[in-house]
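One structure follows; several queries about it will come next.
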Amino acid sequence: MGVGCTMALNDVIVLMYADLTPKQISDWTAVIDHFCPDNKGEDSDYKYWGANRAWRAMVHAVRAIVGNNDEKLQLSRDGLSDLSDGHNGKRSLFKYVTTGDGFYEDGSFIQHFATAYTGGYGKALLGCIADVLYILHDTPFEVKDPESAHVYDWVYNAFAPLIYKHGEFMDMVRGREISRHGVTDVKAGITAIAAIIRLSQLAPQLHRQRLQSMVKYWLSHIENFYSNVSVEMIYLAKNIMQDAFIKPMEEPVLNKVFAGMDRAVHLRKGWGFGISMNSARQSYYETHTFNYENGKGYYTAEGMTYLYLSDPKQYSDAFWPTVNSSRLPGTTEDAGLVRGDASGYSWNPLTYSSKTWVGGASDGVHGVVGMEQDAWGATLTSKKSWFLFDDEVVCLGAGITSTDNRPIHTLIENRKLNKRGDNKLTVDGRTDTSAASETQTFKVPEWMHLAGTAAGSDIGYYFPDSGNVKALREKRSGKWSAINRYNFPASDPTYTNYFQELYLDHGANPTNAMYAYVLLLNKSIAGVKEYAAKPDIIIIENSENVQAVKESKINTMGINFWKDTITTVSVNNKKAYITSNKKAGVLLTQKGSQLTVAVSDPTQINTEAISIEIKQSAAGIINADKEIIVEQLSPTLKLKVRTDKTYGKSLKASFRIKTTNPV
Ligand code: CA
């Protein structure tokens with residue numbers, strides 16, 4: 001019997017309160033006190049973290065009310081923040097962490113040491129904290145810890161960027177919960193949104209307006225919010241929807257690298273893109289040999305890319321039991337490696353990649369992301385980069401090397417199709433009508449277009465490098481019990497879905513193989529053809545030293561420097577343009593006469609600095625983060641970026657430049 005049972009017993013007392021004798025109430029609350037004792041002292045509630053501690057605070061609060069006990073209300077308050085009980089906030093749940101479990105300042109949320117869990121334990125924690133804060137609000141036991149205001153930052157920085165338009169809480173931050181049949185991404189989103197509604201009830205006015213406006217945005221696009229929440233929540237949500245003074249938030253446009261959990265998100269009007277990675281800090285995936293939940297999640301953080309369009313069921317509707325677990329979109333994999341359930345999972349013993357260069361640089365709107373890959377159970381290594389621009393995502397791979405004598409593939413796509421599996425695939429203007437169930441090879445295509453399942457969910461692919469692309473349209477069947485031996489439907493039915501695979505075959509034992517493809521979103525067949533004829537992007541370099549791409553329309557350039565040696569990138573007829581002396585992610589954006597530079601240390605282990613030189617003279621500094629020392633403005637721009645204790649954060653500076661010639 002643990003905290004879950006005491007919560008349920010509390011609920012029973014509340015529901016039956018009028019019919020219970022005082023003795024029954026005191027007997028039952030004594031049971032609660034026995035199984036959920038106080039939280040004073042090192043060995044009590046304080047040994048629990050995250051949602052586990054918030055749940056205890058909830059037990060104390062409800063038990064206090066039914067038993068009319070002030071002391072328990074204090075315990076509830078101090079369970080969230082120990083500011084009032086002599087611990088000086090040392091163990092406050094509101095505090096940001098820089099390692100291990102909890103919320104990070106950059107919006108990351110980790111549970112179980114090394115797994116991204118914003119959409120799992122994170123949402124449970126938010127919901128419980130919101131309820132307890134609400135109960136204690138406007139009482140003598142109100143939480144006064146100034147850091148409790150962090151809950152609003154969590155909503156803006158940790159939750160909102162990862163909840164897509166129709167309520168999809170992105171699967172890349174749901175850990176092993178993706179393998180639970182009843183908890184779809186939209187249901188997870190609805191739970192989080194309900195918590196945000198609860199918070200809005202106690203929030204100061206400015207936060208309340210912002211929270212309600214976000215809620216109104218999501219609720220305008222979610223199909224079935226009201227059938228998944230309590231009657232009280234229906235009432236609260238309808239009040240927000242019917243209040244003409246609350247304007248729905250505009251569809252967000254943002255780029256964010258969650259360095260604390262090796263995830264990145266890129267939101268545009270009409271689409272959202274997620275990148276899920278692993279490193280020496282972040283697990284390959286989470287399962288457990290006790291229950292085998294998510295037992296085949298092997299590649300879900302191996303550079304898997306998640307694409308959200310106007311089809312809200314892409315990752316539900318039995319996506320996970322039917323998709324080929326070894327061939328997830330965005331990944332470069334040893335296609336011949338046979339994996340056993342739970343192989344390479346995160347705990348016991350802790351299993352990590354050996355690579356630290358995982359992260360990227362972002363200016364908040366565009367970004368560049370990279371992952372140095374160290375495949376589990378194979379010799380495969382590679383360097384993968386994603387350039388997140390306005391209407392495209394450029395995907396590069398280099399240094400793809402393996403000596404296991406097995407074929408290495410890069411999965412450009414593995415998209416769930418409509419129920420007939422007849423989404424049209426167009427290759428260089430020709431419709432592929434074969435809907436081949438066997439792998440076919442397209443010789444050096446320039447572009448492809450895959451019709452979506454709903455209007456507004458088409459995907460375009462542009463191939464800047466000549467090379468063959470293989471395609472497989474596959475009808476696949478599977479059961480939830482195959483990916484989760486603990487949580488599956490009682491009847492355990494077999495589900496069937498069609499998938500479109502597009503992939504690059506690097507052959508067996510590749511040495512420094514590479515790839516390049518560009519995802520084009522919300523474009524018609526004609527739009528993709530037009531882009532391929534006149535692309536916005538130029539690949540400046542794609543090697544194991546540097547991966548760099550420039551987007552000419554928005555004047556943005558991303559550069560991933562992979563080595564701790566002085567490395568120069570040349571653009572415009574081989575003229576040296578930017579040099580870094582250390583591993584770094586760099587994003588340059590020029591708007592008129594303003595140049596913005598964002599630099600990060602993705603390794604998070606550079607305790608000194610990165611020296612950057614840009615062949616561009618500047619007239620002045622507009623603004624600069626304190627970690628950026630401007631050593632020279634002219635004739636070249638020289639920056640020293642101090643990276644110690646910046647935890648992969650993008651450090652930014654803007655300059656007035658003398659020339660308006662584009663980067
Ligand atoms: Ca573009």
Side-chain angles (χ1 to χ4, degrees), residues 250-257 264-275 305-310 329-330 360-370 384-397 412-413 426 428 445-450 452 456-465 502 515-542 547-560 569 571-572 577-578 585-592 594-598 650 660-663:
E250 269 201 45
E251 183 164 2
V253 169
L254 65 86
N255 178 274
K256 198 164 166 48
V257 176
V265 71
H266 191 60
L267 300 180
R268 280 350 231 194
K269 305 276 184 204
W271 58 280
F273 190 74
I275 307 171
T305 52
Y306 295 75
L307 179 55
Y308 293 85
L309 294 160
S310 58
S362 169
D363 65 5
V365 183
H366 304 113
V368 56
V369 171
K384 295 168 75 71
S385 289
W386 296 267
F387 301 83
L388 303 149
F389 296 136
D390 59 343
D391 56 350
E392 71 270 88
V393 175
V394 183
C395 309
L396 297 188
I412 297 168
E413 187 58 276
T426 306
D428 288 337
E446 277 182 17
W447 58 270
M448 291 187 180
H449 177 278
L450 177 63
S457 54
D458 294 1
I459 310 172
Y461 311 86
Y462 161 56
F463 305 103
D465 264 1
L502 300 172
Y515 66 80
Y517 61 90
V518 182
L519 302 175
L520 301 168
L521 294 316
N522 279 349
K523 284 200 194 304
S524 63
I525 293 174
V528 172
K529 184 182 175 187
E530 197 179 319
Y531 186 99
K534 197 169 176 287
D536 301 349
I537 60 106
I538 304 162
I539 296 169
I540 295 165
E541 187 163 346
N542 184 18
Q547 288 172 315
V549 177
K550 181 188 154 190
E551 209 282 12
S552 303
K553 269 195 178 162
I554 53 171
N555 267 327
T556 299
M557 183 168 145
I559 311 111
N560 284 336
V569 172
V571 283
N572 296 342
Y577 186 71
I578 179 168
V586 181
L587 189 79
L588 302 176
T589 305
Q590 190 181 326
K591 262 190 190 164
Q594 178 171 335
L595 175 71
T596 301
V597 185
S650 289
T660 52
N661 291 336
V663 165

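Numbering of residues begins at 1 and proceeds along the displayed sequence. Note that ligands are numbered from 1 as they come in the structure, with each ligand's atoms numbered from 1 the same way. Remember, it's a predicted structure, so these values are computed and weren't measured experimentally.
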Tell me which N, O or S atom from D391 is the closest to the Ca ion (ligand 1).
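Of all N, O or S atoms in D391, the Ca ion (ligand 1) lies closest to OD1.
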
Main-chain N/O of A598 paired to S650 side chain as donor or acceptor, under 3.5 Å
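Pair absent, no side-chain N/O of S650 close to backbone of A598.
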
Counting only heavy atoms not in K591, do more than 12 fall under 6.0 Å of its NZ?
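At most 12 heavy atoms, drawn from other residues, nucleotides or ligands, come within 6.0 Å of this atom.
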
Please report, to 10°, the angle around the Ca ion (ligand 1) from atom OE1 (E392) across to atom OD1 (D390).
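E392 OE1 and D390 OD1 form an angle of 70° at the Ca ion (ligand 1).
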
Looking only at non-hydrogen atoms, find the nearest pair between A516 and I539 and report the distance.
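Between these two residues, the closest heavy atoms are CB-CD1, 3.7 Å.
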
Give the name of the N/O/S atom in D536 that lies closest to the Ca ion (ligand 1).
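So the atom name we want here is OD2.
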
Is it true that R268 and E392 have a side-chain N and a carboxylate O under 4.0 angstrom from each other?
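A salt bridge is absent here (no side-chain N lies under 4.0 Å from a carboxylate O).
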
For N/O/S atoms only: which one belongs to E551 and is nearest the Ca ion (ligand 1)?
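Nearest N/O/S atom of E551: OE2.
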
